[in-house]
Amino acid sequence: MTGLPDLKARVLAETRRAPAPDRRAVQRRLARTWLVVAIVTLAAFGALGGLRAIERPLPFVLTTAAGWVGVAIAATWGSARRGSMSGRPLSILVAAILLTPPALVAWYVAWVCRVHVSVPVAPIGRAFVCMAICVALATAPFIALATTRRASAPVHPRATAAALGVVACAWASVLMDLHCEHADVWHVCLGHVAPVLIVGLLGFVLGERLFGVHADQSGAASHLEGRAIKSA
Amino acid sequence: MLAALAPAYAALCVRTAAVDGRDNPTRVAADAAMERYAAGDEAAFSRLFDLLAPRLHGYFLRQTRDSDAADDLTQQTLLKIHRARGQFIRGASVTPWAFAIGRRLLIDDIRRRRRDLLAPDHEQAVDRASSEAATADELIAAQETGERIRGALRRLPASQREAFELIKQEGLTFVEAAETLGTTVAAVKLRAHRAYEALRGVLGDVLESQSPRDAHSTDREAKP
């Protein structure tokens with residue numbers, strides 16, 4: 001054992017050797033990151049054709065999109081840190097992950113039934129195109145969200161990353177809903193809502209890599225060395 | 001009407017602060033030091049170290065029974081806090097965050113090294129250090145009791161054991177333990193209560209003879 005004064009000297013020396021940015025610097029960097037993400041995502045949305053409401057009535061498009069914005073806000077709230085550095089309890093993260101896709105579908109179906117929009121069946125291939133676009137639109141926000149949370153070491157890395165994936169793709173689905181002319185419920189489920197699950201699953205898979213806390217190999221080695229010296 | 005409600009509101013605030021640990025001067029000082037450090041005051045990290053390191057070191061020492069491992073894990077936890085200083089949220093509590101990072105580092109270290117957690121020589125070293133003034137009989141009795149408690153703790157489910165240790169050994173509040181374990185306060189209370197009930201079943205005579213008042217208060221606090 002080195003004793004806490006020695007340990008303190010070592011830790012303080014390390015902090016001087018590798019200084020970390022303070023809150024102001026981090027906030028500036030994050031603001032730049034989010035600005036770039038917003039520009040890239042909206043530019044991509046614009047390049048795709050932006051808002052299209054030719055086949056579908058504009059009030060219907062805006063109402064379904066407004067509901068999806070509400071769902072995306074709720075998912076964002078569910079995965080936000082809310083004053084805790086360790087992140088949200090697992091139950092809330094799981095609720096955000098599992099309830100977001102059904103909530104999107106439920107809102108959409110409710111409005112399709114209410115407004116009685118004529119919905120020609122969309123070709124299946126178009127749903128996969130929408131799926132790919134949706135995942136692509138969610139990529140930049142997901143990276144930004146992961147960057148924002150990376151150093152804080154959330155307690156549930158996989159669930160947190162999955163929730164952030166769901167949040168990023170829920171917002172991407174809003175853009176997709178504004179853009180895509182197909183109002184067919186199955187098309188919406190496959191092309192606009194399924195990507196939310198896909199990106200959530202991707203987050204789950206990458207979670208440990210993104211947010212995992214791993215013991216430093218050199219540190220671990222040094223205490224094993226210490227034990228070896230002791231036993232000798 | 002409002003004036004009549006003011007004392008009740010003040011009492012509620014005091015109670016809330018007591019439940020989440022905001023009335024504890026050490027925790028308040030640690031949060032203030034972390035806040036200053038996040039805002040750019042480099043000197044505040046030394047103060048933060050003084051407030052957090054002894055508790056973290058004690059936690060790691062109890063868990064690993066290895067002072068070198070405890071040193072390394074304490075160092076790594078504090079360096080991770082240092083690296084994430086810019087992301088510290090205003091008004092957040094640093095203690096449960098530090099324990100959460102420490103707990104995960106510990107789990108990772110155990111997985112990686114597959115260390116024998118309760119090597120007898122280290123246990124004895126810790127016991128010796130903590131009871132220098134005790135007589136030989138007391139020392140033997142304390143070691144036997146300690147072994148029974150450790151054995152009973154080992155048999156508990158991990159979730160219950162962790163909740164119990166964080167609250168009873170590390171002195172975290174239910175709110176802090178919940179944040180450390182990434183669960184709800186109700187779940188932590190339930191786990192700690194179940195752990196205590198299980199321990200009481202196994203070690204009833206020890207608990208009653210040693211600290212009946214403490215046992216009753218824990219029982220009362222732990223009820224969800």
Side-chain angles (χ1 to χ4, degrees), chain A residues 1-4 6-8 10-12 14-16 18-30 81-93 148-157 159-160 212-227 229-231, chain B residues 37-42 45-46 49-50 53-54 57 61 64 66-76 78-80 82-94 96-97 99-101 103-113 115 121-122 178-185 187:
Chain A
M1 181 177 174
T2 52
L4 285 179
D6 289 344
L7 186 62
K8 183 175 180 179
R10 225 161 56 201
V11 169
L12 291 180
E14 183 61 25
T15 61
R16 280 190 293 273
D22 63 10
R23 184 185 283 142
R24 193 174 296 172
V26 168
Q27 282 175 347
R28 271 201 301 267
R29 199 187 65 208
L30 287 177
R81 288 186 288 184
R82 304 264 306 156
S84 161
M85 285 302 291
S86 307
R88 290 289 220 163
L90 186 60
S91 53
I92 294 179
L93 292 173
T148 306
R149 297 286 296 277
R150 189 152 196 188
S152 68
V155 174
H156 302 291
T160 302
V213 173
H214 300 292
D216 183 15
Q217 296 265 26
S218 58
S222 73
H223 78 245
L224 286 177
E225 234 170 63
R227 286 182 71 179
I229 291 165
K230 258 193 202 171
S231 57
Chain B
Y37 190 52
D41 179 1
E42 303 294 331
F45 191 72
S46 172
F49 183 97
D50 293 339
H57 194 270
L61 195 58
T64 61
D66 182 338
S67 54
D68 294 314
D71 282 355
D72 279 329
L73 290 167
T74 305
Q75 177 176 342
Q76 288 184 43
L78 286 157
L79 287 176
K80 285 202 185 292
H82 156 70
R83 286 181 204 121
R85 68 188 274 209
Q87 294 195 1
F88 187 72
I89 306 169
R90 273 194 190 87
S93 184
V94 69
W97 181 41
F99 273 95
I101 294 173
R103 174 176 163 267
R104 290 175 60 196
L105 282 172
L106 180 71
I107 291 168
D108 187 65
D109 194 50
I110 290 166
R111 278 186 191 150
R112 189 168 288 175
R113 301 293 170 193
R115 183 190 312 124
D121 57 329
H122 296 303
E179 203 178 323
T180 302
L181 297 171
T183 186
T184 59
V185 176

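Letters go in sequence order (proteins before strands), and every chain restarts at 1.
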Relative to chain A, which segment of [X] carries a heavy atom at a distance below 4.5 Å: side chain, backbone, both, or neither?
X	answer
B:I107	neither
B:R90	both
B:S46	both
B:F88	both

**Prompt:** Could you go step by step and tell me if A:K8 and B:D50 meet the side-chain contact (heavy atoms from CB on, under 4.5 Å) rule?
**Reply:** CA-CA 8 Å; A:K8 183 175 180 179; B:D50 293 339; 2.8 Å; yes

Please state whether the side chain, the backbone, both or neither of [X] comes within less than 4.5 Å of a heavy atom of chain B.
X	result
A:A25	neither
A:L90	both
A:T15	both
A:A159	neither
A:R149	backbone

**Message:** Looking at every non-hydrogen atom in both residues, tell me the closest pair between A:R150 and B:Q87 and how far apart they are.
**Reply:**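 Nearest heavy atoms, A:R150 then B:Q87: N-OE1, 4.1 Å.
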
**Item:** Separation between CD of A:E14 and CG of B:L78, rounded to the nearest 0.5 Å
**Value:**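 The CD atom of A:E14 sits 12.0 Å away from the CG atom of B:L78.
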
